[in-house]
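Single-structure report; data block below.
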Protein chains: 4
Amino acid sequence: MSPRTKIQFEEIRQKSRENIEKIALELFASKGYHATSISQIAEKAGISKGLLYNYFESKEQLLNSIIMKVYDELMKIVGMNDNLPADKQIEQMIIQTIEHLKKNITFWRLYLFLIHQSEVQKQLKELYNKMRIDYMDFVIKLFSEIGSKNPDMDALLLGTMFDGIALNYVTVPEDYPIDELKNYLIEVFVKNKKVKK
Amino acid sequence: MSPRTKIQFEEIRQKSRENIEKIALELFASKGYHATSISQIAEKAGISKGLLYNYFESKEQLLNSIIMKVYDELMKIVGMNDNLPADKQIEQMIIQTIEHLKKNITFWRLYLFLIHQSEVQKQLKELYNKMRIDYMDFVIKLFSEIGSKNPDMDALLLGTMFDGIALNYVTVPEDYPIDELKNYLIEVFVKNKKVKK
Amino acid sequence: MSPRTKIQFEEIRQKSRENIEKIALELFASKGYHATSISQIAEKAGISKGLLYNYFESKEQLLNSIIMKVYDELMKIVGMNDNLPADKQIEQMIIQTIEHLKKNITFWRLYLFLIHQSEVQKQLKELYNKMRIDYMDFVIKLFSEIGSKNPDMDALLLGTMFDGIALNYVTVPEDYPIDELKNYLIEVFVKNKKVKK
Amino acid sequence: MSPRTKIQFEEIRQKSRENIEKIALELFASKGYHATSISQIAEKAGISKGLLYNYFESKEQLLNSIIMKVYDELMKIVGMNDNLPADKQIEQMIIQTIEHLKKNITFWRLYLFLIHQSEVQKQLKELYNKMRIDYMDFVIKLFSEIGSKNPDMDALLLGTMFDGIALNYVTVPEDYPIDELKNYLIEVFVKNKKVKK
DNA sequence: AATGAATGAGTATTCATTCAT
DNA sequence: CATGAATGAATACTCATTCAT
């Protein structure tokens, strides 16, 4: 008869939020932001529309919340393994990005969607820019350390390749020979650079 | 004045269709498919909504019609210059794709949008697959002709690079050093291959 | 088969607009602005919700449109009879206001509603102020002409009386002895003033 | 510590009720009934929504409860000073009504709001009628005692004036010369009557 | 007595599509 | 061929009310 404690309430909220975000991520990623309705999200999450608004104040804010998670996760991949030497770090970054892509296809689908749905809102554009800059800063340094003649260009190319691979893998996962590409990337971006050094 | 012949009518219809498609392409690419309304298209095309439905039976069918044009145009770039030697053909394909991208950012924005839509619509998925296969067939042959050790992989990589470049250029056109990339691509995909031969 | 002319369309629009405004006036006046839904207006007007938005771009704008009519009508009563001598003008203003009130109870209900729902929006507040000032300017002049010792106060009092009478009549039309009041007002605001002159 | 007695509990309940009513009155009067949500009331009152429903079975019933208070308070003003002679009682009633209006603008705003609502709710209509009758009974008697030739009409007029003044003062408190009106009312409704006697 | 998560019917608004003219 | 009035289902969002704890 006594009311739940604050902690209990907080747990309930946290679980609900995460559940909603998970469902919304899937739907946004597979159908796009505009083509996904709040009703669909609520229904698939097994809750009422009203409750969704108890946790997210708008559809846009729900998207933002998800984007933040995407950003954090991508940055985690990049920043991982910073105790290794630079060449190994790049190698690991390539391996782990590809692995992550294979295991989290939904997640990457959303990432790609967001990039060119950036007309949706300024915030997204800003975040995307921040993400690019953070990525470039970090990876340029790595390429410098392994003696690349043009670390800016190499970092840019690697990023571009990741985008292209993700785009293709996400579109035709069963037909795209992603593992062969992985080895090729390591060869081009790690082994060849070192030889030249 | 004699009544217009059937052929004249057909020409008028054709021009009207093309005008609508042109306007719709612009709007879809700049604002997105969902955010563009039939009213806006009709208004910008200077016709009534009713008349638009005289030419296209639905918004979706209008999109499909546009997609066909995108397909044709992309294939035109690939198939161009088939009187040149293979290495020059690849070089030209790279140059012209990049040039096309720079001049038709709107068009490519739509192309990328479509890739995602293909997840949802069967028709689109089929078209996208056809496009990939046609591209691969043609480009694999070119790489074979210049003596590539792994023409399948080279064709795939070049296609992936195009996608990655398009994605980045479309997102941040002013910040993306597309011309430097062009030269690099030619070096990697044309000059280096030939040397190895 | 040929489309309607512009004039025909304009007539259709005009009739529809007026019908919607009439129904909306009734509902806003009897239930209040917030308590009246677009659905109710559309249903009572025998049209779809969508069509209503073809004519008025929002609920608020529909209200504004109605308010303008209220304003025009009230000012018409005040400004009427400007060819008569001042004392007759005041007398006529009293008579016609009361008559108008008796015949257009709905209309006055809305006027009263609006006054203290003016927090609804700035526009309303501004219009109300304009209305007060226009009324005062005109009526003060009339009282001056008949030699009132305090024309400002007399104009204010008469306005206040109109408001009080309208409020009471609108609330209990059958129980409020409005005709007796009419005569009393004429006596107090016209005959007594003149005597003193 | 002994358990609280029933009476203590009752007192706590009573205080809680009054607190909620006070907060709700403020919000209803300043934002309007429809624009005020139960959540807002609960939050401002420092309690949960659930608890509010422990005290009032619905939003409407909460409003009704408040209305009763409005009624009581208005009647208090009228019935005050019944030990004075009639002319002084009327004078005091005028003075105190105006003073009350100046100090409790929120309260009067609600009173005016309620008059309109009475169109919708039967309960309210009945209460309003009771209020009018009680007021008239009492004030007619006063005017009779000071020898008014038409006490019914005088009582009605005074009530009408109060309504009109309240309406105007509540709408534009800073622009309405309420104090000058007070003196005028006393002159018209008290001094002039007596002279004629 | 007290909490706030959860519901569901309701709100204003939009828009692809139809159709009488 | 051409118009735009008209529809209705869908959209994001709100809120009074209920109820398990």
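Within every chain, numbering begins at 1; the chains are lettered A, B, ... in the order of the sequence lines, protein sequences first and strands thereafter.
- One finds a side-chain N or O of A/Ser37 lying less than 4.0 angstrom from the OP1 or OP2 phosphate oxygen of F/dT11.
- For the pair B/Lys69 (side chain) and B/Glu18 (backbone), a donor-acceptor distance under 3.5 Å is absent.
- An OP1 or OP2 oxygen of E/dA1 is reached within less than 4.0 angstrom by no side-chain nitrogen or oxygen of D/Ser16.
- In this structure, the CG atom of A/Leu52 is 20 Å from the P atom of E/dG4, given to the nearest Å.
- By the 30° and 60° cut-offs, the orientation of the rings of D/His34 relative to C/His34 is tilted.
- For C/Gln40, the side chain to side chain donor-acceptor pair (under 3.5 Å) partners at least two apart in sequence or on another chain are C/Lys31.
- The distance between atom NE2 of B/His34 and atom C1' of E/dA16, rounded to the nearest whole Å, is 13 Å.
- If you take OH of B/Tyr33 and C1' of E/dC15, they are 12 Å apart, rounded to a whole angstrom.
- Residue order along DNA chain E, read from the 5' end via each residue's closest nucleotide, puts A/Ile12 first among A/Ile12 and B/Ser39.
- Rounded to an integer number of Å, the gap from C/Phe9 CZ to E/dC19 P is 16 Å.
- Among residues two or more places apart in sequence or in another chain, the side-chain contact (heavy atoms from CB on, under 4.5 Å) test is passed with A/Glu10 by A/Arg13, A/Gln14.
- Rounded to whole Å, atom C1' of F/dT21 lies 17 Å from atom NZ of A/Lys6.
- Between the CD atom of B/Gln14 and the P atom of F/dC1 there is a distance of 13 Å, rounded to whole Å.
- Using a 4.0 Å cut-off on heavy atoms, the residues of residues 43-51 of chain C that approach DNA chain F are C/Ile47, C/Ser48, C/Lys49, C/Gly50, C/Leu51, listed by number.
- Scored by the salt bridge (Lys or Arg N to Asp or Glu O under 4.0 Å) test, B/Lys49 finds no partners at all (sequence neighbours excluded).
- B/Glu60 is linked by a side chain to side chain donor-acceptor pair (under 3.5 Å) to B/Gln121, counting only residues two or more places apart in sequence or in another chain.
- Phosphate contact (OP1/OP2 of F/dA5, side-chain N/O of C/Asn54, threshold under 4.0 Å): present.
- Residue C/Ile41 contributes atom CD1, which lies 12 Å from atom C1' of E/dT11 at whole-angstrom precision.
- Of the side-chain N and O atoms in C/Tyr53, one or more sit less than 4.0 angstrom from OP1 or OP2 of E/dT13.
- Residues forming a side-chain contact (heavy atoms from CB on, under 4.5 Å) with D/Leu127 (at least two apart in sequence, or on another chain): D/Ile67, D/Met68, D/Tyr71.
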Starting at the 5' end of DNA chain E, write a dot or bracket for each base, bracketing those in Watson-Crick or G-U wobble pairs whose two distances are under 3.5 Å and using | for partners on another strand. .||||||||||||||||||||
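- Proximity of residues 57-70 of chain B to DNA chain E (heavy atom under 4.0 angstrom from any strand atom) is restricted to B/Ser58, B/Lys59.
- In this structure, A/Arg13 does not reach the E/dG4 phosphate: none of its side-chain N or O atoms is under 4.0 Å from OP1 or OP2.
- For C/Tyr55, there are no side chain to side chain donor-acceptor pair (under 3.5 Å) partners two or more places apart in sequence or in a different chain.
- A/Glu26 meets the side-chain contact (heavy atoms from CB on, under 4.5 Å) test with A/Lys22, A/Lys44, A/Thr106; sequence neighbours excluded.
- Atom-to-atom distance recorded for C/Ile23:CD1 and C/Leu62:CG is 11.5 Å, nearest 0.5 angstrom.
- Residues forming a side-chain contact (heavy atoms from CB on, under 4.5 Å) with C/Tyr53 (at least two apart in sequence, or on another chain): C/Ile38.
- Atom CD1 of A/Ile38 is separated from atom C1' of E/dG10 by 17 Å (rounded to the nearest Å).
- C/Tyr55 comes within 4.0 angstrom of sugar-phosphate atoms only, judged by non-hydrogen atoms across all strands, and of no base.
- D/Gln61 is linked by a side chain to side chain donor-acceptor pair (under 3.5 Å) to nothing, counting only residues two or more places apart in sequence or in another chain.
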